[in-house]
Amino acid sequence: MTTREASHAGSWYSAEPSTLSRQLDSWLDAVPATTKPIGPVSSRGGDIVGFEECDDASMTDDRWDCVRHAGYSYSGPAAAWAYKSVDLSNVKRVFILGPSHHHYLSRCALSQCTSYETPLGNLQLDLSTIAELHKTGQFERMSIDVDEAEHSIEMQLPYVYKILSRAIPNPANHPPIIPILVGSTSATTERSYGHLLAPYLADPTSIFVISSDFAHWGTRFRYTYYQPHSSAAINLKSNDRAPTNPPIHESIKAVDMQCVAACEQGGLDSWLSVLRETGNTVCGRHPIGVVLAAIEKLEGQGVVDVAEGKGRFRFVRYERSSEVMTLRDSSVSYCSGFAVL
């Protein structure tokens, strides 16, 4: 029996249970009952009604979400917009896919732990599903050191525990989780994992959480891509005069929205194409790619009906850590989105 410690508690988010619980409740409660999607594709439709309680027909069976993984002081409120939409009515397991920031992987890896600690209480791992995935021979095993060093999955855990607690008061009845660390996967590899995970995504008792921030912009991130209004995109240099047409932060948003549009349109190829074109530093691009590939597989099998709006992201919140005006500034973008099946 091995428990992964909440290694980022006390630095990336509060380690004090009552403080953390109050914060999460306040952020979730602040999400309005009605909202309009903000993505270039999804915003063409109408408002999402019944967002707060997830009981409207447009929200039925929301089972996969894209959520940021920065520190809660920066991005905690933005994450609530994705988590408030989750349909927990049939949930029996929660998959959490996060990118590997520190440990090189060319494939995906599974945890060797039996439970994950959060300040609110522990989450149990779905050992039978993890064993089933491992038997495919496609997954590596994370060491405990790699597991605890990575933040992308851990930053989802307090929110997962909180929404489960609000829907299922007895922790003993909480569904288990399946953490999957996604490496620097190729398009072929992402399709392979997408096809492997597609049956689990199609299962109405599964929830998928995809952990990703969007643009990491600034010289410290080695990403200074800029789109002028009237000429070709360029990479700004540290000694360049700060452009104003548009301001840098508006260019960052425009590039992020190109990536959001690719997510909403669906299809792994279009997602990879916009990443190649802009170089956008979406740290969860590989987990997103895996899920887009899974949806493609389900579409091909006739399991997902795109004509009814199924299997497509709708983004509902976009925030940044700051508004970049000069080359001395930097920012990280946070997007929250959900999809129904």
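All of these numbers come straight from a predicted model, not from anything done at the bench. By convention here, the first residue in the shown sequence is residue 1.
Looking at T114, its side chain does come within 3.5 Å of a backbone N or O of T2 through a donor-acceptor pair. The backbone N or O of Q227 lies less than 3.5 Å from a partner atom in the side chain of S251, making a donor-acceptor pair. Remark: the backbone N or O of H8 is paired with a side-chain donor or acceptor of E154 at under 3.5 angstrom. A donor-acceptor pair is defined here as one N or O able to donate and one able to accept, closer than 3.5 Å; no such pair exists between the side chain of T244 and the backbone of P246. Distance alone, capped at 3.5 Å, is enough to place a donor-acceptor pair between the S270 side chain and the G267 backbone. At least one donor-acceptor pair under 3.5 Å links the side chain of S43 to the backbone N or O of G39. Distance alone, capped at 3.5 Å, places no donor-acceptor pair between the S75 side chain and the A78 backbone. In terms of modelled atom types and a separation under 3.5 Å, the side chain of S21 and the main chain of P17 share no donor-acceptor contact. The closest donor-acceptor contact from the side chain of S212 to the backbone of G284 lies under 3.5 Å. In terms of modelled atom types and a separation under 3.5 Å, the side chain of T118 and the main chain of G121 share a donor-acceptor contact.
In this structure, Y72 and W27 have perpendicular ring planes: the angle between them is above 60°, well past the 30° mark. Using cut-offs of 30° and 60° on the angle between ring planes, the pair Y223 and Y225 is parallel.
Side-chain contact between C259 and W271 is present, with heavy atoms from C-beta onward closer than 4.5 Å. I96 places none of its side-chain heavy atoms less than 4.5 Å from the side chain of I180. Using a 4.5 Å heavy-atom threshold, the side chains of Y116 and I177 count as touching. Looking only at side-chain heavy atoms (C-beta outward), L327 and I248 come within less than 4.5 Å of each other. Side-chain contact between I234 and Y226: present, with at least one pair of heavy atoms (C-beta onward) separated by less than 4.5 Å. Contact check for V332 versus S321: side-chain heavy atoms found under the 4.5 Å cut-off. C66 is listed as a side-chain neighbour of I288, based on a closest heavy-atom distance under 4.5 Å.
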Is there a side chain to side chain donor-acceptor pair (under 3.5 Å) between S211 and Q156 once you walk through the steps? CA-CA 7 Å; S211 183; Q156 310 306 328; 2.9 Å; yes
Between T185 and S106, does the side-chain contact (heavy atoms from CB on, under 4.5 Å) criterion hold? Intermediate values first, please. CA-CA 5 Å; T185 45; S106 60; over 6 Å; no
Run the numbers on R220 and D329 for salt bridge (charged side-chain N to carboxylate O under 4.0 Å, His left out), then give the verdict. CA-CA 9 Å; R220 72 188 184 100; D329 303 329; over 6 Å; no
Assess the residue pair C113 and D147 against the criterion (side-chain contact (heavy atoms from CB on, under 4.5 Å)); give the C-alpha distance rounded to whole Å, side-chain angles, the decisive distance to 0.1 Å, and a yes or no. CA-CA 9 Å; C113 296; D147 207 337; 3.8 Å; yes
Check step by step if side chain to side chain donor-acceptor pair (under 3.5 Å) holds for E150 and S152. CA-CA 6 Å; E150 180 54 56; S152 67; 3.2 Å; yes
Quick one: do V290 and I210 satisfy side-chain contact (heavy atoms from CB on, under 4.5 Å)? Show the steps, please. CA-CA 10 Å; V290 168; I210 306 138; over 6 Å; no
Report the C-alpha distance between Y161 and Y159 in whole Å, list the side-chain angles of each, state the deciding distance to 0.1 Å, and finish with yes or no for ring-ring contact (aromatic ring centres under 6.0 Å, His included). CA-CA 5 Å; Y161 192 95; Y159 257 116; over 10 Å; no
side-chain contact (heavy atoms from CB on, under 4.5 Å), that's the test. Do F338 and W81 meet it? Break it down for me. CA-CA 9 Å; F338 67 90; W81 289 71; over 6 Å; no
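Screening L164, V91, N90, D87 for a side chain to side chain contact (heavy atoms under 4.5 Å, CB included) with I207, the sole residue that qualifies is V91. Checking I130, L181, T129 one by one against L110, the side chain to side chain contact (heavy atoms under 4.5 Å, CB included) holds for a single residue, I130. Results of the ring pair (Phe, Tyr, Trp, His ring centres under 6.0 Å) test with H101 over H286, H69, H216 single out H69 as the only residue that passes. In summary, of the residues considered (E296, E299, E264), a salt bridge (charged side-chain N to carboxylate O under 4.0 Å, His left out) with R312 occurs for E299 alone.
Contacts of S333 classified as side chain to side chain donor-acceptor pair (under 3.5 Å), with partners at least two apart in sequence or in another chain: D256, Y318.
Neither side chain, R320 nor S331, offers a donor N or O lying under 3.5 Å from an acceptor on the other. Side-chain polar atoms of D203 and T205 form a donor-acceptor pair below 3.5 angstrom.
One finds no salt bridge joining R4 and E148 here, because no Lys/Arg side-chain nitrogen approaches an Asp/Glu carboxylate oxygen to under 4.0 Å. By the 4.0 Å N-to-carboxylate-O rule, R285 lies too far from D213 to be salt-bridged with it. Using a cut-off of 4.0 Å between Lys/Arg side-chain N and Asp/Glu carboxylate O, K92 and D126 are scored as not salt-bridged.
To the nearest 0.5 Å, atom OG of residue S111 and atom NE2 of residue H134 are 11.5 Å apart. Atom NZ of K162 and atom CZ of R166 lie 6.5 Å apart (nearest 0.5 Å).
Taking each heavy atom of G289 and E190 in turn, the nearest pair found is CA-OE1, 3.5 Å.
Between F214 and Y334, a ring centre-to-centre spacing not shorter than 6.0 Å is recorded. A ring-centre distance under 6.0 Å is found for Y193 and F139.
Taking a 6.0 Å sphere around CD of E16, one finds it holds more than 12 heavy atoms contributed by other residues, nucleotides or ligands. Residue-environment remark: NZ (K253) stays at or below the threshold of 12 foreign heavy atoms within 6.0 Å.
Applying the under-4.5 Å side-chain rule to Ile, Leu, Val, Met, Phe, Trp and Tyr, the cluster around M325 consists of that residue alone.
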